[in-house]
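One structure below.
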Amino acid sequence: MPTNHAMARLAPVHWAIMAFTAIPTPALADECVQEKAVYGDMENAYELRFEPIGSEAAAASNKFKFTVRNTPIVADGVVMRSDDQLRANGLIMFNCPEGDVTGADLRACTVWQGMIYASDVTGNISVLPAEGAGAAARLVLPALGPSIRESSIWGKGKATVAPWDVLTLKGCGE
């Protein structure tokens, strides 16, 4: 059984967890729909801003812009649902060529690809909300930082800070 001293050392961790979950994100998430949600990383180096899909991309369920703050980099992102609607596969691309392109061309312009998970403030993981639904409090993009380090947006005059995999709801766009 832990001693009182050991329990006292755990108290700061407990308080930090409580403070993290007390961030006033739930009210913002309740007021904002997913296609207007704006997310950021802990260092405030990146912004992921959802946009309405409209009628332009029937295969995609969500789209967004992914920017590296203090640089001119703006990458395009799309989310495509699995057939069962239980998974959201995301893709971030930068300076992709248009027209007839090869698989190598697409790989070269892909910054990140993987599943996008949504989380509420208590840590419950779910699928990314569709347009019209309330915005997720947090997004999880597994291996985002390492992918950015290996991509065309990394380097001098570009991204120089690799984000964590979790982006937090920061605001609601227009």
Side-chain angles (χ1 to χ4, degrees), residues 16 19-20 23-25 28-29 31-54 56-57 59-81 87-121 125 127-131 133-174:
F20 182 67
I23 295 171
T25 311
L28 185 57
E31 297 168 4
C32 188
V33 289
Q34 191 62 52
E35 67 268 21
K36 295 182 180 181
V38 180
Y39 296 87
D41 65 311
M42 288 189 316
E43 287 86 18
N44 203 28
Y46 296 87
E47 180 180 273
L48 191 152
R49 180 179 292 267
F50 280 90
E51 302 173 338
I53 236 0
E56 62 193 55
S61 63
N62 304 81
K63 73 175 185 175
F64 57 88
K65 295 290 185 192
F66 186 76
T67 58
V68 181
R69 292 184 182 262
N70 303 318
T71 75
I73 294 174
V74 178
D76 296 308
V78 295
V79 178
M80 293 168 284
R81 304 269 176 189
R87 288 170 217 62
N89 187 35
L91 190 64
I92 299 174
M93 300 164 291
F94 180 66
N95 282 345
C96 284
E98 293 185 24
D100 193 18
V101 297
T102 67
D105 292 332
L106 291 176
R107 282 188 296 281
C109 69
T110 298
V111 173
W112 175 86
Q113 181 175 3
M115 302 310 272
I116 297 180
Y117 300 98
S119 170
D120 62 18
V121 293
I125 302 295
V127 69
L128 178 71
E131 283 195 6
R138 294 185 186 96
L139 300 179
V140 180
L141 287 76
L144 178 61
S147 294
I148 286 175
R149 276 193 215 107
E150 298 296 320
S151 77
S152 62
I153 68 169
W154 184 261
K156 186 174 179 158
K158 299 178 182 178
T160 57
V161 174
W164 291 91
D165 295 353
V166 178
L167 303 174
T168 303
L169 184 63
K170 301 286 185 185
C172 193
E174 297 177 16

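- Atoms CD and CG, on E98 and D105 in that order, are 12.5 Å from each other to the nearest 0.5 Å.
- A 4.5 Å side-chain heavy-atom check between M42 and V166 finds every atom pair outside the cut-off.
- Formation of a donor-acceptor pair under 3.5 Å by the W154 side chain with backbone atoms of S147 is not found in this model.
- In this structure the side chain of R138 reaches within 4.5 angstrom of the side chain of V121, judged on heavy atoms.
- Put simply, CG on L91 and CD1 on I116 are 9.0 Å apart, with the number rounded to the nearest 0.5 Å.
- Interatomic distance, OG of S151 versus CG of L144, reported as 9.0 Å (0.5 Å rounding).
- Residues F64 and L139 form no side-chain contact, since every pair of their non-hydrogen atoms from C-beta on lies 4.5 Å or further apart.
- Going from atom CE of M115 over to atom CG of L128 covers 10.5 Å, rounded to the nearest 0.5 Å.
- Other residues, nucleotides and ligands contribute over 12 non-hydrogen atoms within 6.0 Å of the CD atom of E43.
- Using a 4.5 Å heavy-atom cutoff, the side chains of N62 and I53 are not in contact.
- Looking at D165, its side chain does come within 3.5 Å of a backbone N or O of A143 through a donor-acceptor pair.
- At least one side-chain heavy atom of N44 sits under 4.5 Å from a side-chain heavy atom of R69.
- Rounding to the nearest 0.5 Å places CH2 of W164 at 15.0 Å from CG of L141.
- One distance of note links CZ of R49 with OG1 of T67; it measures 7.5 Å at 0.5 Å rounding.
- In this structure the side chain of D76 reaches within 4.5 angstrom of the side chain of K65, judged on heavy atoms.
- The 12-atom threshold is not exceeded at CG of N70, counting heavy atoms of other residues, nucleotides or ligands nearer than 6.0 Å.
- Residue A162 comes nearest to R149 through the heavy atom pair CB-NH2, 3.3 Å, listed as atom of the first residue, atom of the second, then distance.
- Taking each heavy atom of P72 and G157 in turn, the nearest pair found is CD-O, 4.5 Å.
- Counting all heavy atoms, side chain and backbone alike, C109 lies closest to P97 at SG-CD, 4.4 Å.
- Heavy-atom minimum distance, P142 versus Y117: CG-CE1, 3.9 Å.
- The two atoms that bring A88 and R81 nearest to each other are CB-NH1, 4.1 Å, heavy atoms only.
- For K158 (side chain) and S152 (main-chain N/O), a donor-acceptor pair under 3.5 Å exists by modelled atom type.
- Shown are I73, I92, V74; of these, the side-chain contact (heavy atoms from CB on, under 4.5 Å) with I153 is made only by I73.
- Residues F50 and C172 form no side-chain contact, since every pair of their non-hydrogen atoms from C-beta on lies 4.5 Å or further apart.
- Side-chain contact between K63 and V79: absent, with no pair of heavy atoms (C-beta onward) separated by less than 4.5 Å.
- Using a 30° and 60° split on the angle between ring planes, Y46 and F66 fall in the parallel class, below 30°.
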